[in-house]
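A quick note: this is a predicted structure, and the numbers were derived from the prediction, not measured.
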Amino acid sequence: MLASTGDANLKVLRMDGSPYPEETHDYAEALLVIEGQLNLTVGSDAITVRAGELFIVPVGVAHAVAASSNGVLVIFDR
């Protein structure tokens with residue numbers, strides 16, 4: 001974690017092409033791609049989030065990072 005304010009956490013990650021297993025949260029999670037591309041599986045949908053785009057994963061929705069995601073990702077969560 002890079003920082004927190006109130007109930008929010010801010011994380012900055014370098015994506016290296018490795019997949020990340022499915023997870024579900026009891027809070028919404030905002031994913032902002034700064035550089036590169038994030039490939040997600042959200043429920044049964046394949047989602048691509050490119051540099052400059054923000055994707056909000058709703059509360060309780062299963063999601064996973066697919067292989068070949070690369071670049072810099074900022075995560076806002078609780």
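Of all the heavy atoms in P19 and A67, the pair that sits closest is CB-N, 3.9 Å. For P21 against A64, the heavy-atom pair with the smallest separation is C-CB, 3.9 Å. Across every non-hydrogen atom of V49 and L40, the tightest pair is CG2-CD1, 4.3 Å.
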Contacts under 3.5 angstrom, residues 50-63 side chains, donor-acceptor by atom type, not counting sequence neighbours:
unit_1, atom_1, unit_2, atom_2, d
E53, OE1, R50, N, 2.8
H63, ND1, E23, O, 3.2
H63, ND1, V61, O, 3.0
H63, NE2, E29, OE1, 2.8

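Annotation: the span from I47 atom CD1 to L31 atom CG amounts to 11.0 Å, rounded to 0.5 Å.
More than 12 heavy atoms of other residues, nucleotides or ligands shown are found within 6.0 angstrom of OH on Y27.
Every residue was checked against the salt bridge (charged side-chain N to carboxylate O under 4.0 Å, His left out) condition with R78, not counting sequence neighbours, and none meets it. Scanning for side chain to side chain donor-acceptor pair (under 3.5 Å) contacts around N39 gives Q37, S68, with sequence neighbours left out.
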For side-chain contact (heavy atoms from CB on, under 4.5 Å), just list the numbers for V65 and L38, CA-CA rounded to whole Å, side-chain angles, deciding distance to a tenth of an Å, and then say yes or no.
CA-CA 7 Å; V65 175; L38 171 63; 3.9 Å; yes

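Under a hydrophobic-cluster definition in which Ile, Leu, Val, Met, Phe, Trp and Tyr are linked whenever side-chain heavy atoms come within less than 4.5 Å, directly or via other members, V33 and F76 are assigned to different clusters. Cluster annotation: I75 and Y20 are assigned to the same hydrophobic cluster (Ile/Leu/Val/Met/Phe/Trp/Tyr, side-chain heavy-atom contacts under 4.5 Å, transitive).
Looking at L73 and V12, their side chains never come closer than 4.5 Å, going by heavy atoms from C-beta outward.
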